[in-house]
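Written out below as C-alpha cells is the structure these notes cover.
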Amino acid sequence: MSFSLPDFRRKWSCRGYMSAGAAMVTAALGLSLVLAERAEARKYAAPLDIFGLGTPRPRAKVHSVRIPLPKPRPEEAPQATDEAAPEAEGKPSPEKQLSACRLALTEQIAIAPSIPDIRGPGACGGEDLVRLEAIVLPDKRKVAVKPAAILRCTMASAIADWVRKDMVPLAASLGSTISDLDNFDSFECRGRNRIAGAMLSEHGKANALDVRAIKLANGQSIGLTDRSMPRDVRERVLHSVCARFSTVLGPGSDWYHEDHIHLDLAQRRNDYRICQWNVWDPLPQLAPLLPAERPEEAPPREVAARPETKDEAKDGADDEAPQKSPTPADKSAANGTKAEPHKPATKKRR
C-alpha cells in the first residue's frame, strides 16, 4: 500500500490534534484535583507550615475592648512609703527577727545599739552586731567603753557580765568603783597579729576585744600588764577572764600581747580553750646601784688560783728564798776587772 505526501501530512496532523487534546484534558483534570485539595485544606488548619505552602488563614476580626481604669485613691488613705528606705541607725528593720542575745542585752545591762551587718572582704564582718558604748552596773552607774567597741552581741554580752560580776568586786576591794574600760582594739578586718597572709583574726569577725586597763573613779588605773600593780590583783583578773572566755592571750604568749590582754569567744573542737598569760613579779622599787655588803658571818670566798707574773714571782722569791751566790759578773766587778758580755747561743743555718 502506498501513500502520497499529502496523505502522510494529513495523517500526522490528525495525530497532533489528538495529542494536543489529550494534553489539554490532562491539564484540566490536574487543575481540578488541585482546586479540590485546596478546598478540602481550607476546612482544617495546617499544624505546621514551614515553607509557606499552605493556604493563608483569614485574619480574625479585632473587637475593641474597653478596659476600666482604677478608682481614684481616697483622700483619707495613708501615704505610700518607700519600702527600700535604709534602716535607722540603732533600730533594726521590723522584718528582721531579733536574736535571743539581742533581746537579753537590754539597756539595764549595757548601752549597745544594734548596727547593720558587715560584709567585708575575705569573710570579714558578721551578723547581729552592736556598738558597745557603756556597761550599766547594778547600781545604775555606767562604765564607759573608750572608744566604743564594735562586737557581736554574744561577745558584748560576755564583756558586760565580766565587768558587772567580776571587776566590780575587785574595784570595791581597792576602795573605789570602775569608771572606764580601756578598749585597745575591737573589730578590724585583718589577719592574726596583723601578719599579711595569716588566718583571719577573731577581730575580723567582731568576736574579740583587747583590754589594756580598767580605770577607777579615784583616778587609779589597773593596768593588766603593769608590773607595778600588785601581783594578786592581776592574778584575780587572770582567773576571771580565763573562766569566761575561750581565748586569753597576754605577756608570755608571744611578742604581740606584751602590753594588753586579748579576749575572744572563738569556737573550737571539743570546747578547747587557750589561756596564756604570765603574771610577772613586780619590779623593784629602786634598782640597786652597788652590790650589797657581804655579811660578817658569811663563809670566806674561795679564790681560784691564777698564774703569777714574773714581777710577783721575783718579789716572792726575794722575800722567801735565800740570797743567791754571786754571779761571775758580780765577782769581776768586785775585783775591778771587766767581764765579757754574754753572747746568746746562735743556731747554725744549714
Side-chain angles (χ1 to χ4, degrees), residues 105 109-112 130-151 155-188 193-194 201-203 206-265 274-287:
L105 192 63
I109 298 176
I111 306 300
V130 300
R131 186 175 62 249
L132 183 60
E133 300 176 356
I135 300 168
V136 182
L137 301 182
D139 57 358
K140 306 303 179 181
R141 290 182 297 103
K142 296 180 181 179
V143 177
V145 180
K146 296 183 179 180
I150 297 178
L151 301 169
M155 184 62 186
S157 178
I159 293 293
D161 291 342
W162 169 58
V163 172
R164 288 163 56 92
K165 298 179 181 179
D166 294 347
M167 294 298 99
V168 169
L170 177 62
S173 65
L174 299 176
S176 184
T177 58
I178 303 177
S179 61
D180 300 335
L181 181 66
D182 187 1
N183 169 28
F184 187 64
D185 191 17
S186 58
F187 169 72
E188 184 180 357
N193 300 324
R194 295 184 175 86
S201 172
E202 291 298 316
H203 287 280
N207 197 33
L209 181 70
D210 288 345
V211 182
R212 190 161 42 186
I214 298 174
K215 297 182 179 180
L216 306 181
N218 60 3
Q220 186 180 3
S221 177
I222 303 176
L224 303 186
T225 60
D226 186 4
R227 296 178 63 178
S228 63
M229 291 296 301
R231 183 188 179 98
D232 59 337
V233 174
R234 290 177 286 145
E235 286 183 345
R236 289 180 60 180
V237 179
L238 167 66
H239 296 321
S240 67
V241 294
C242 289
R244 292 183 174 273
F245 301 94
S246 59
T247 307
V248 177
L249 300 176
S253 60
D254 50 35
W255 291 105
Y256 301 96
H257 300 89
E258 295 297 322
D259 58 348
H260 66 276
I261 304 300
H262 171 92
L263 309 173
D264 68 45
L265 291 177
I274 297 176
C275 183
Q276 297 179 356
W277 176 8
N278 294 336
V279 180
W280 305 118
D281 292 331
L283 295 174
Q285 297 295 330
L286 294 175

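Residue numbers count from 1 along this sequence. What you see below is based on every heavy atom in this structure, not just the backbone, and it leaves out hydrogens, waters and symmetry mates.
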Provide the closest heavy-atom pair for [X] versus [Y] in the form atom of the first, atom of the second, distance.
X	Y	value
C275	L238	SG-CD1, 3.9 Å
L151	A208	CD2-O, 3.2 Å
S176	A217	OG-N, 3.3 Å
S221	M229	O-SD, 3.7 Å
F245	A158	CE2-CB, 3.9 Å

With heavy-atom distances below 4.5 Å as the criterion, would you say the side chains of [X] and [Y] are in contact?
X	Y	result
F184	H262	no
I261	P251	yes
T247	E202	no
S186	M155	no
H203	D264	no

Which pairs, with at least one residue in residues 174-185 and sequence neighbours excluded, count as a salt bridge (charged side-chain N to carboxylate O under 4.0 Å, His left out)?
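Found K146-D180, D182-R212, D185-R190, D185-R194.
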
What salt bridge (charged side-chain N to carboxylate O under 4.0 Å, His left out) pairs are there with at least one residue in residues 240-257, not counting sequence neighbours?
D166-R244

Only one of D226, L224, L174 passes side chain to side chain contact (heavy atoms under 4.5 Å, CB included) with V233; say which it is.
L174

Side chain to side chain contact (heavy atoms under 4.5 Å, CB included) with L132: of L181, I150, I159, only one passes, and it is I159

What distance separates [X] [atom1] from [Y] [atom2], expressed to the nearest 0.5 Å?
X	Y	atom1	atom2	value
S240	M167	OG	CE	3.5 Å
R234	W277	CZ	CH2	8.0 Å
N183	L209	CG	CG	5.0 Å
I135	R141	CD1	CZ	12.0 Å
L216	L170	CG	CG	8.0 Å

Checking E235 now: which residues fulfil side chain to side chain donor-acceptor pair (under 3.5 Å) with it, not counting sequence neighbours?
R231

L263 and V248: side chain to side chain contact (heavy atoms under 4.5 Å, CB included), yes or no, with the steps?
CA-CA 5 Å; L263 309 173; V248 177; 4.0 Å; yes

Show your working on side chain to side chain contact (heavy atoms under 4.5 Å, CB included) between V143 and R164 and close with a plain yes or no.
CA-CA 9 Å; V143 177; R164 288 163 56 92; over 6 Å; no

Is there a donor-acceptor contact under 3.5 Å from the side chain of E258 to the main chain of G252?
yes

